[in-house]
2 protein chains.
Amino acid sequence: MADLPLTELDAFAAVAQARSFRAAAKLRGASASSLSDALRRLEERLEVRLLNRTTRNVSLTEAGARLLERLRPGLAEIEAALDGVNSFRDTPMGRLRLNVPGVVARFVLPEIAARFLARYPDITLDVATNDAFVDVIGEGFDAGVRYEESLQSDMIAIPIGPRTQSYVGAAAPSYIERFGVPDHPRDLLQHQCILHRFSSGRVLPWSFEEEGREFTILPPARVIGETSDLEVAMAVAGHGIIFTFSEFLAEALKQGTLVPVLAPWTQSFSGPFLYYNSRRHMPAPLKAFIEFLKTENRRGS
Amino acid sequence: MADLPLTELDAFAAVAQARSFRAAAKLRGASASSLSDALRRLEERLEVRLLNRTTRNVSLTEAGARLLERLRPGLAEIEAALDGVNSFRDTPMGRLRLNVPGVVARFVLPEIAARFLARYPDITLDVATNDAFVDVIGEGFDAGVRYEESLQSDMIAIPIGPRTQSYVGAAAPSYIERFGVPDHPRDLLQHQCILHRFSSGRVLPWSFEEEGREFTILPPARVIGETSDLEVAMAVAGHGIIFTFSEFLAEALKQGTLVPVLAPWTQSFSGPFLYYNSRRHMPAPLKAFIEFLKTENRRGS
DNA sequence: ACAGCCTGTTCGGAATTTCGTACAATGGCC
DNA sequence: GGCCATTGTACGAAATTCCGAACAGGCTGT
């Protein structure tokens, strides 16, 4: 068997997928220069240019595209094969890569993870926090947590964490002292509010329900934040009314630095779901996590 | 993407297939110790024993068997993908691994190889000589040369070299002086003959044809050889009658150190064929060789 | 039963790969 | 149009892997 330049091919696959040496290096915990070296070796050996690279842009040559296309299933197969040995261990081992919204990362996952990690001591949890992202699987995550039950093909959703959550309104006593309290969401248009912007750039409108009819309001904002912590801090400082996950406000409400606003208009909705692709190979850590969630749900109900 | 221990996996595949560290090392041009190291690393990382090894025997654990089973198609796919970039070169590159009988290696291949290698300067020819072997493809060869048109499924045979060859008899003048010459094959039973043993241990009987009827004779032997060169030398030394490919005897007959015996009983048969599997991925060097043979055959006819 | 050969492993030195830093080049942004 | 952040690469140092020889152990043939 002619020895395959496997490390070089792996490096090529990483760079080709990331379309960047440095990004690929970060993603895999190696240095950019080692990838650069590996690619030079590979191209010298094949005597074929695989990547067209200016100092600013990496693109595939036709040969590179063809190679990557054939290489990926092979590497995926090997990854799956490697994971397969996990079934011969008493306890599964490896990394579980999740992509979850901020709230879940802060208030849902820690409590679940504590029990899960204790149950499976050889599994490492790798959590990325991202509110906007949808193609969770494509970017190398094993599974994602989302709220909407968006029904992509082959995607399976199972409940995780609390089955109902709610958005509640709140404001600092100092703010209420100055501006009063709204009785109805439409009053918000006369107030100063603290809004949230997703990393996509979209500013989240507030939605309410009246007699079964849903309506949204985009109130005037003095503060638009990107992290919920900042927004809560701004609310506590009296910069406006905040309307977000109850979990984010619980501590401030308890301490009295924030007080409820529009309490009758609290929006309840169903809790988050864990999504994963049923057709892709399921790594042992993911399988363990799903099994764990299912037994927890069964016990809970 | 969790970084895959690809070199270690490749080492494991090599050792697992060869069922031996040293054999695998030789096969791939590496050292046994590096394979030993790689396997230790892999098993430590997975915390699963993959190979049961006494100092005398290597066998797969169940985990190892499962891993190998899933690993092989992945590696094959990658090898094919790598070969695929050859189509982006002006001239194909790589190694062509052939398994051919001794006669072909000595008298047929050199002349063909000269033209082939000149035509494709980036191809390396790797020739193993083996008379008995049948499962040519399974052991990592791209193709094999054989005489019998054994029709395994998906195997394709194309002619290579001379379309007829023959077995001729000969003996040294000194032998004939002492024992006379046989007129009919059955007379061989009163003579001393030089026989050939395949590496499998089987001794080849001599076969003749009389009025369309084929019959075989296993004459008494003073000498049984494993290499044709030795057998010819023995014949020249007067130790008996030899009956083998005319090519092996041509030089001695020309020089008169051997003279023909049983000339009317010369056995002609059709020349050798190149066999390859049509269903497996065809590496570029093999494709080039087949193409080359076909055009040579077309031109020759 | 036993000797001898051949196996997989160990160990220190050599070769290769990897890393961090520096540098030239390029494309987005104002 | 020019600046500057950021990209891919070059290069010497450091780490890792690889190699060859020596070693311990078991299987084969007598």
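Just so we're on the same page: letters track the sequence lines, and every chain starts at 1. All heavy atoms count here, side chains included; hydrogens, waters and symmetry mates do not.
Between Arg22(A) and Leu35(B), the residue anchored closer to the 5' end of DNA chain D is Arg22(A), taking for each the nucleotide with the nearest heavy atom.
Side-chain nitrogen and oxygen atoms of Ser34(B) include at least one within less than 4.0 Å of the OP1 or OP2 phosphate oxygen of dC19(D). At least one side-chain nitrogen or oxygen of Ser31(A) sits closer than 4.0 Å to the OP1 or OP2 atom of dC19(C).
Among the heavy atoms of the strands, none lies under 4.0 Å from Thr7(A). Ala38(A) comes within 4.0 angstrom of nothing in the nucleic acid, heavy atoms only.
Shown here is Arg19(B), whose CZ atom has more than 12 heavy atoms of other residues, nucleotides or ligands within 6.0 Å.
Considering only side-chain atoms of Arg53(B), the nucleotide from dG8(D), dG8(C), dT17(C) that sits closest is dG8(C). Of all nucleotides listed (dC18(D), dC19(C), dT10(C)), dT10(C) comes nearest to the side chain of Arg40(B). Closest to the side chain of Ala32(B), from the set dT9(C), dC18(D), dC19(C), is dT9(C).
Separating the CG atom of Leu39(A) from the P atom of dA10(D) is a distance of 12 Å, rounded to the nearest angstrom. The nearest whole Å value for the distance from the CZ atom in Arg49(A) to the C1' atom in dG8(D) is 11 Å. Rounded to a whole Å, the CZ atom of Phe21(A) is 18 Å from the P atom of dA25(C). Remark: C1' of dG8(C) and CG of Leu60(B) are 16 Å apart, rounded to the nearest angstrom. In this structure, Asp37(A) atom CG and dA15(D) atom C1' are separated by 14 Å, rounded to whole Å. Going from atom CG of Asn57(B) over to atom P of dC27(D) covers 8 Å, rounded to whole Å. Counting to the nearest Å, the C1' atom of dA15(D) and the CZ atom of Arg41(B) are 13 Å from each other. Regarding Leu42(A), its CG atom lies at a distance of 15 Å from the C1' atom of dT17(C), rounded to whole Å.
Taking only distance into account, the side chain of Ser33(B) meets the base of dG20(D) through a donor-acceptor pair shorter than 3.5 Å.
Between the CZ atom in Arg89(A) and the CD atom in Glu47(B) there is a gap of 4.5 Å [rounded to 0.5 Å].
In this structure, Phe116(B) and Leu96(B) have side chains that are in contact, with non-hydrogen atoms separated by less than 4.5 Å. Here the side chains of Leu98(B) and Val145(B) are not in contact, with every heavy-atom distance at 4.5 Å or above.
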Is there a side chain to side chain contact (heavy atoms under 4.5 Å, CB included) between Leu68(B) and Gln17(B) once you walk through the steps?
-> CA-CA 8 Å; Leu68(B) 179 64; Gln17(B) 286 190 250; 4.3 Å; yes
